[in-house]
Amino acid sequence: MKKAILFMIISTFAFSLMNAFVKYLNHFPTFEIVFFRSLGSFILCTCYIWAKGINIWGNKRRLMLLRAVIGLTSMTLFFMSLKYLPVGTSVSLRYIAPIFASFFAVVLLKEKLKAVQWLLFIIAFSGVVVLKGVDDTIDTTGLLLVLSASVFTGLVYVIIRRIGNSDRPIVVVNYFMFLGTLVGGILSITHWNTPSGADWWLLSSLGFFGFFGQLFMTKAFQIARTNLVAPLKYIEVIFTMCIGVFWFGDLYTIWSLLGILMIVAALVTNVLVGKK
């Protein structure tokens, strides 16, 4: 269990740094950021797949391609939201994706939820209401973008569930990163902003942090029970908020903190309740 905790801390810290760098690089067009984020991970994923002798094409190719399209939409919307919201707020709001995933699972997969889970989802959404309804510093455009990203992420979770164990996670991610590289590269051509100086290093590091964040998260889930590991994902919110405060000078009102606490507490509890 200690090793799983260490892996999740490494994973969440890697994702936090990636999110912070995306925020810092918001003077670049969104699709150019998507391109660099995807390209680095695509190269690392492909090298890993070849080194392990894994079938790069996988089995459920249509589902993996669908997951890639929807995942790319979610990632793009999330990156766009970072231009309008504090990075910690945006990450917190993105984590309501399990609510939408549960809704899609009920409708599409005919799964059932416990009554207490519905109550927890209401509490989480109430946290969103507190964030926007009481805290007037939250930008409406950013809020709509990150909520839309969460909807698509929720749908991604359901598709991954349909893929199941028929394909390795690294292959599923590789489809996603390939499509992100292709689409991001094409759509950024007309608005390309050539990096200079440290921006080259920062843009190149996005794929590195994204890949290792995903890798260590997968390793953590492989060696420990889901209900013990999954709540640790929300450490990313704490890391990202701290980075936002010390790096970007983000300020959080008491209502912002209350809304974020409601969202995170409700969703962590949902993970624990849902696995019992």
Side-chain angles (χ1 to χ4, degrees), residues 1-22 36-60 63-64 67-68 70-72 74-75 78 91-92 94-95 97-98 101 153-154 156-181 204-240 242-243 264 267-268 270-272 274-276:
M1 183 58 191
K2 289 182 179 179
K3 184 177 290 188
I5 293 174
L6 176 62
F7 285 163
M8 282 303 295
I9 290 175
I10 294 173
S11 171
T12 53
F13 189 63
F15 281 130
S16 298
L17 287 176
M18 184 190 74
N19 294 331
F21 287 173
V22 171
F36 278 101
R37 157 69 179 99
S38 302
L39 177 62
S41 289
F42 174 61
I43 293 172
L44 290 171
C45 283
T46 301
C47 291
Y48 183 89
I49 288 171
W50 284 345
K52 296 293 184 179
I54 301 170
N55 177 15
I56 197 170
W57 300 108
N59 298 305
K60 295 188 176 180
L63 280 178
M64 287 193 289
R67 179 260 185 266
I70 296 175
L72 177 59
S74 174
M75 181 171 68
F78 173 66
V91 168
S92 301
R94 185 187 62 177
Y95 269 120
T153 300
V156 164
Y157 291 162
V158 175
I159 295 172
I160 290 176
R161 200 173 305 170
R162 289 293 300 272
I163 295 173
N165 296 322
S166 61
D167 287 290
R168 298 198 184 191
I170 192 71
V171 177
V172 179
V173 171
N174 205 43
Y175 266 75
F176 176 24
M177 293 298 100
F178 169 74
L179 187 67
T181 302
S204 300
S205 71
L206 297 179
F208 174 85
F209 287 122
F211 172 78
F212 282 99
Q214 187 71 44
L215 179 64
F216 279 100
M217 182 176 68
T218 301
K219 286 181 176 294
F221 277 101
Q222 287 175 334
I223 63 176
R225 297 205 312 268
T226 300
N227 64 322
L228 296 178
V229 175
L232 297 175
K233 291 190 300 181
Y234 293 91
I235 296 174
E236 182 183 346
V237 175
I238 299 173
F239 281 150
T240 308
C242 291
I243 292 172
V264 173
L267 295 177
V268 169
N270 174 65
V271 172
L272 297 175
K275 296 300 179 181
K276 289 182 178 180

(Q) Under the rule for side-chain contact (heavy atoms from CB on, under 4.5 Å), what residues qualify as partners of I170, not counting sequence neighbours? (A)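 side-chain contact (heavy atoms from CB on, under 4.5 Å) check on I170 returns C45, Y48, I49, I54, R168, F211.
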Q. Of all residues at least two apart in sequence or in a different chain, which pass the side-chain contact (heavy atoms from CB on, under 4.5 Å) check with T46?
A.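 Checked T46 against side-chain contact (heavy atoms from CB on, under 4.5 Å); matches are F42, W50, I56, N174.
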Find out whether [X] and [Y] are in side-chain contact, i.e. whether some heavy atom of one side chain is under 4.5 Å from a heavy atom of the other.
X	Y	value
R94	N19	yes
L232	I5	yes
M18	F15	yes
M8	I235	no

Q | Residues in ring pair (Phe, Tyr, Trp, His ring centres under 6.0 Å) contact with F176, at least two apart in sequence or another chain | A |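 Expected list: none.
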Q: Test V91 against F78 for side chain to side chain contact (heavy atoms under 4.5 Å, CB included), laying out the working first.
A: CA-CA 8 Å; V91 168; F78 173 66; 3.9 Å; yes
Q: Specify whether F7 and F216 have parallel, tilted or perpendicular ring planes, treating 30° as the upper limit for parallel and 60° as the lower limit for perpendicular.
A: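 The rings of F7 and F216 sit tilted, inter-plane angle from 30° to 60°.
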[X] to [Y] - nearest heavy-atom pair and separation:
X	Y	value
I243	A20	CG2-CB, 3.5 Å
T12	K233	CG2-O, 3.6 Å
A220	A4	CB-O, 3.6 Å
T240	S16	OG1-OG, 3.2 Å
M217	S11	CB-OG, 3.3 Å

Using only atom types and a distance under 3.5 Å, with no angle test, would you say the side chain of [X] pairs donor to acceptor with the backbone of [Y]?
X	Y	answer
Y234	S92	no
D167	N59	yes
S74	I70	no

Quick one: [atom1] on [X] to [atom2] on [Y], what's the gap to the nearest 0.5 Å?
X	Y	atom1	atom2	answer
L39	L44	CG	CG	9.5 Å
I163	I159	CD1	CD1	7.0 Å
F212	S41	CZ	OG	9.5 Å
E236	Y95	CD	OH	3.5 Å
I160	K60	CD1	NZ	12.5 Å
S38	L72	OG	CG	6.5 Å

Q: Taking atom CZ of F239 as the centre, report whether more than 12 heavy atoms of other residues, nucleotides or ligands fall under 6.0 Å from it.
A: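 Yes, enclosed.
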